[in-house]
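Structure first, then comments.
Here is the naming used below: chain letters follow the sequence lines, and residue numbers restart at 1 for every chain. Bear in mind the structure is a predicted one, so any value in this text is a computation, not a measurement. The analysis underlying the following values was restricted to heavy atoms, covering all of them including side chains, and did not include hydrogens, waters or symmetry mates.
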There are 4 protein chains.
Amino acid sequence: MERRLTSRGAERRRQLLATAGRRFAEHGYHTTSVAEIVHEVGVGKGVFYWYFESKEQLFLEVLAQAQAELRRAQEAEVGDEVDPVRRIERGIRGALTWLEANRDVLAVFQLAATDVRFVGALRAGEEIMAAELAGHLKDGIVSGRIPDGDPLVLAHAVLGAVEALAHTFLGREGAWDEGVADTAVAFCLGGILATRRRGASGSS
Amino acid sequence: MERRLTSRGAERRRQLLATAGRRFAEHGYHTTSVAEIVHEVGVGKGVFYWYFESKEQLFLEVLAQAQAELRRAQEAEVGDEVDPVRRIERGIRGALTWLEANRDVLAVFQLAATDVRFVGALRAGEEIMAAELAGHLKDGIVSGRIPDGDPLVLAHAVLGAVEALAHTFLGREGAWDEGVADTAVAFCLGGILATRRRGASGSS
Amino acid sequence: MERRLTSRGAERRRQLLATAGRRFAEHGYHTTSVAEIVHEVGVGKGVFYWYFESKEQLFLEVLAQAQAELRRAQEAEVGDEVDPVRRIERGIRGALTWLEANRDVLAVFQLAATDVRFVGALRAGEEIMAAELAGHLKDGIVSGRIPDGDPLVLAHAVLGAVEALAHTFLGREGAWDEGVADTAVAFCLGGILATRRRGASGSS
Amino acid sequence: MERRLTSRGAERRRQLLATAGRRFAEHGYHTTSVAEIVHEVGVGKGVFYWYFESKEQLFLEVLAQAQAELRRAQEAEVGDEVDPVRRIERGIRGALTWLEANRDVLAVFQLAATDVRFVGALRAGEEIMAAELAGHLKDGIVSGRIPDGDPLVLAHAVLGAVEALAHTFLGREGAWDEGVADTAVAFCLGGILATRRRGASGSS
DNA sequence: AATGAATGAGCGTTCATTCAT
DNA sequence: GATGAATGAACGCTCATTCAT
């Protein structure tokens with residue numbers, strides 16, 4: 001239902017989306033009621049249903065927006081770098097920098113992971129990121145910069161490590177510093193560049 | 001109010017715990033009602049409250065049990081291995097093996113991460129695992145087996161990578177094979193053993 | 001959360017309050033369900049919680065309203081009478097007249113007396129009435145119109161006698177007549193004016 | 001269903017009755033569960049239903065016992081006194097003394113007043129006391145000791161005053177002393193002996 | 001006699017959603 | 001566009017009562 005919105009309307013919509021995103025992140029999906037959202041924005045309940053079909057669709061939109069913005073930030077950071085390993089590094093740094101400024105987003109992602117209605121959209125976004133990362137890895141493998149290995153598995157390992165670090169250290173007051181990003185990069189690149197030694201642990 | 005249970009009672013309790021755990025994993029916390037759980041077990045509603053104080057406490061128990069069993073499985077796998085790098089490897093393999101046989105558990109962990117009432121217990125368990133892993137890392141650093149780096153940050157990176165792989169590849173039918181565990185180990189150990197090159201990405 | 005109500009809303013609220021008050025008086029607090037109240041008013045369950053925070057708060061409001069109206073009626077009856085004994089008489093008559101027209105109220109008072117959540121509010125109201133009455137008594141004692149005695153004890157005795165008569169004779173169909181009020185007044189004033197003979201029973 | 005009880009059984013029954021009475025008085029009827037009662041006594045739930053048909057019947061029995069004991073205490077106090085006014089005085093004192101030692105009972109009476117299932121039994125007991133008191137009053141009127149008036153109305157006024165004083169001053173820690181009983185007696189007898197001056201308040 | 005376990009109707013309350021104004 | 005009011009299914013939970021052992 002394409003709706004033409006006045007600029008005031010578009011602003012309202014943005015406001016609702018932002019408020020909802022924050023509250024979802026802070027209190028969870030089920031524990032955030034439509035009543036709370038509209039109350040915080042200071043409008044009546046009808047307004048909500050003028051701009052959004054349902055609470056479910058609202059969440060999906062919050063999620064999609066967060067995913068799109070993260071990707072955009074990452075792309076901007078990666079820029080036109082051609083070396084695949086450097087692309088990966090920049091991607092990691094870009095994601096961490098953006099997440100640092102948008103801490104709610106991780107909570108929204110986690111929320112999405114726990115609900116059948118949202119997990120599909122979440123995974124789809126993850127797959128896109130994983131596929132892109134896997135593309136860089138493949139490039140590196142082909143060009144001999146990166147030892148052979150399953151690019152998709154490696155991509156998910158990188159994503160998982162980055163997300164865990166972001167989550168753990170952004171979530172604690174005062175725990176975040178540049179060193180965490182440096183360690184994230186070093187760990188991931190080290191993992192990528194070392195994978196030829198499959199299953200080996202003791203080799204010096 | 002310590003309750004002495006007959007063996008029939010203990011069995012009922014176990015039954016409810018298992019059923020609830022499965023449904024939580026499949027449908028989420030809020031989307032699983034007490035009515036559904038008792039219906040599936042085939043008992044009346046009151047039975048639930050005979051064995052559990054509340055739905056919340058039940059979830060906490062499901063979570064605690066899963067955490068305890070995972071740690072137990074890991075400890076059994078690590079055994080008396082003395083080399084810290086090998087301890088880490090065995091820990092990763094032990095966790096992945098156990099999670100393969102108990103796939104619901106990851107979903108329960110994710111659920112717990114999204115609810116203020118549970119996140120404390122979840123994080124406490126995570127911190128224990130991270131601390132243990134960090135201990136191995138510290139041992140390795142002291143003995144010169146592992147290059148210097150922040151053990152806690154590395155520990156969370158490893159945990160994140162492992163969890164992401166478990167989640168991504170155990171969640172998809174047919175996607176799991178031994179190679180994933182091998183790659184997980186190789187990636188993590190590579191990441192750990194490479195960390196001296198802080199922030200460096202281009203070194204060959 | 002101060003709520004601005006439309007006139008339709010205010011009317012609904014009044015309706016619910018009145019219906020609840022009647023049902024409470026007839027069936028008791030625990031034996032009157034929210035479902036019954038809204039059913040009688042002919043609205044959905046949610047409406048109740050639009051206007052009241054909880055069943056408990058509703059009862060408190062019913063109680064407070066009854067207390068306020070009773071006091072108001074009494075004050076109107078007492079008016080500007082200056083003689084303390086006549087003030088007491090008018091107070092008794094005013095209360096009985098109002099209670100005759102609002103018989104539910106006595107039942108609500110009794111209900112409140114049996115629940116820890118309400119007894120505080122009830123006693124507070126009673127204390128106000130007792131204190132006022134005690135004030136008249138003190139005036140009378142000081143001016144010599146009333147023999148010496150503990151004004152607060154006497155006040156409670158009067159209140160108890162009046163309440164018992166109201167309760168007993170208003171509760172029975174056809175038992176109430178002007179004579180009861182006359183006897184109430186005569187009994188109470190006699191008791192008050194006789195108190196100097198402490199503990200004495202046989203004096204003529 | 002006449003049941004022959006062993007002496008152990010009779011003791012159990014008494015125990016349940018006493019515990020229930022106390023809890024009813026302290027927490028109310030609906031707010032005292034059968035589970036709590038049997039837990040406090042330290043027996044299983046089945047025991048309760050072995051000795052009592054239902055919670056309702058149990059309450060009725062608690063009430064009946066309290067009424068019977070109060071009457072017995074009063075009768076013992078009144079003894080063979082022949083003067084009707086002195087009989088009334090002794091009745092008041094006997095009731096107050098017994099209530100002082102059995103404070104729960106007033107709460108039980110109030111509870112009974114608020115439930116349709118119990119109010120009948122309560123009123124029946126009250127009527128008996130009122131009738132007895134009215135008998136004394138009639139005797140006094142006939143013999144000229146007491147001025148003319150409606151004995152039943154006066155009886156209820158006396159009962160109400162006494163109950164209110166007991167309730168108010170026994171309910172407050174440290175508020176009870178002999179003076180209250182003296183005032184109660186003086187007030188009631190004053191009220192009784194003064195009733196000829198119907199509706200008159202200003203006569204010196 | 002007594003127990004622990006079970007029942008299930010019913011309770012107070014919430015909340016996404018709709019709608020008359 | 002926007003509001004306050006209304007809906008009602010569903011929820012977590014309680015409890016008097018029953019019953020197999």
Side-chain angles (χ1 to χ4, degrees), chain A residues 3 5-6 8-9 12 30-38 42-58, chain B residues 3-13 30-38 41-58, chain C residues 3-13 30-38 41-58, chain D residues 3 5-6 8-9 12 30-38 42-58:
Chain A
R3 175 122 56 207
L5 295 174
T6 66
R8 175 149 145 282
R12 265 284 144 83
H30 285 99
T31 6
T32 297
S33 67
V34 172
E36 278 166 30
I37 296 168
V38 297
V43 296
K45 246 177 204 174
V47 168
F48 182 90
Y49 287 91
W50 179 259
Y51 292 109
F52 301 97
E53 243 169 52
S54 66
K55 187 186 172 189
E56 184 175 334
Q57 192 238 29
L58 163 75
Chain B
R3 176 118 58 209
R4 220 28 59 236
L5 295 174
T6 64
S7 68
R8 175 147 146 278
E11 174 54 22
R12 259 290 134 77
R13 198 172 198 281
H30 285 100
T31 359
T32 298
S33 69
V34 172
E36 277 166 30
I37 297 168
V38 297
V41 173
V43 294
K45 231 181 209 181
V47 167
F48 182 91
Y49 291 92
W50 179 260
Y51 293 104
F52 301 97
E53 244 169 52
S54 64
K55 186 186 171 189
E56 184 175 334
Q57 193 237 31
L58 162 74
Chain C
R3 177 120 54 211
R4 220 28 59 238
L5 293 176
T6 63
S7 69
R8 177 149 147 277
E11 175 53 23
R12 259 290 135 78
R13 197 173 197 283
H30 285 100
T31 359
T32 297
S33 69
V34 172
E36 279 167 27
I37 297 169
V38 298
V41 174
V43 295
K45 232 179 207 184
V47 167
F48 182 91
Y49 291 92
W50 180 259
Y51 293 105
F52 302 96
E53 243 169 52
S54 63
K55 186 186 171 188
E56 184 175 335
Q57 193 236 31
L58 162 75
Chain D
R3 175 124 55 209
L5 293 174
T6 65
R8 177 149 143 278
R12 266 284 144 80
H30 284 99
T31 6
T32 297
S33 67
V34 173
E36 278 166 30
I37 297 167
V38 298
V43 296
K45 245 176 204 173
V47 167
F48 181 90
Y49 287 92
W50 179 260
Y51 292 108
F52 301 96
E53 243 169 53
S54 65
K55 187 186 171 188
E56 185 175 333
Q57 190 237 31
L58 163 75

Picking from F/dA2, F/dA5, E/dA6, the nucleotide nearest the side-chain atoms of C/Tyr51 would be F/dA5
Taken to the nearest whole Å, CZ/A/Phe52 to P/E/dA16 is 15 Å
Exercise. For F/dG4, does OP1 or OP2 lie under 4.0 Å from any side-chain N or O of C/Arg13?
Worked result: no
- How would you label the contact of C/Gly9 with the nucleic acid (heavy atoms, under 4.0 Å): base, sugar-phosphate, or nothing? sugar-phosphate
Q: Using a 4.0 Å heavy-atom cut-off across all strands, classify B/Val43 as base, sugar-phosphate, or nothing.
A: sugar-phosphate
Review point. Does OP1 or OP2 of F/dA5 have a side-chain N or O of C/Thr6 closer than 4.0 Å?
Key: yes
Re F/dT21: Watson-Crick or G-U wobble partner, both distances kept under 3.5 Å, found to be E/dA2
Testing F/dT3, E/dT17, F/dG12 for proximity to the side chain of A/Val47, the answer is F/dT3
Note to self: If you define the side chain from C-beta out and look only at heavy atoms, does anything of B/Ile37 sit under 4.5 Å from B/Leu58?
What the structure shows: yes
Whole-Å distance, A/Gln57 CD to E/dA16 C1', equals 14 Å
Answer for the Watson-Crick or wobble partner of F/dA16, both distances under 3.5 Å, is E/dT7
Out of F/dG4, F/dA9, F/dT17, minimum distance to the side chain of C/Lys45 belongs to F/dA9
Between C/Ser33 and D/Arg12, whichever has its closest DNA chain E nucleotide further toward 5' is D/Arg12
Assert: residue with more 5' nearest nucleotide on DNA chain E, out of C/His30 and B/Ala10, is B/Ala10
Against the side chain of C/Trp50, the closest entry in F/dC11, F/dG4, E/dT17 is F/dG4
Per atom distances to the D/Tyr49 side chain, the nearest of E/dA5, F/dT17, E/dG12 is F/dT17
- Heavy atoms under 4.0 Å, any strand shown: does C/Thr32 hit a base, just sugar-phosphate, or nothing? sugar-phosphate
B/Thr31 and A/His30 have their tightest heavy-atom pair at OG1-CE1, 4.2 Å
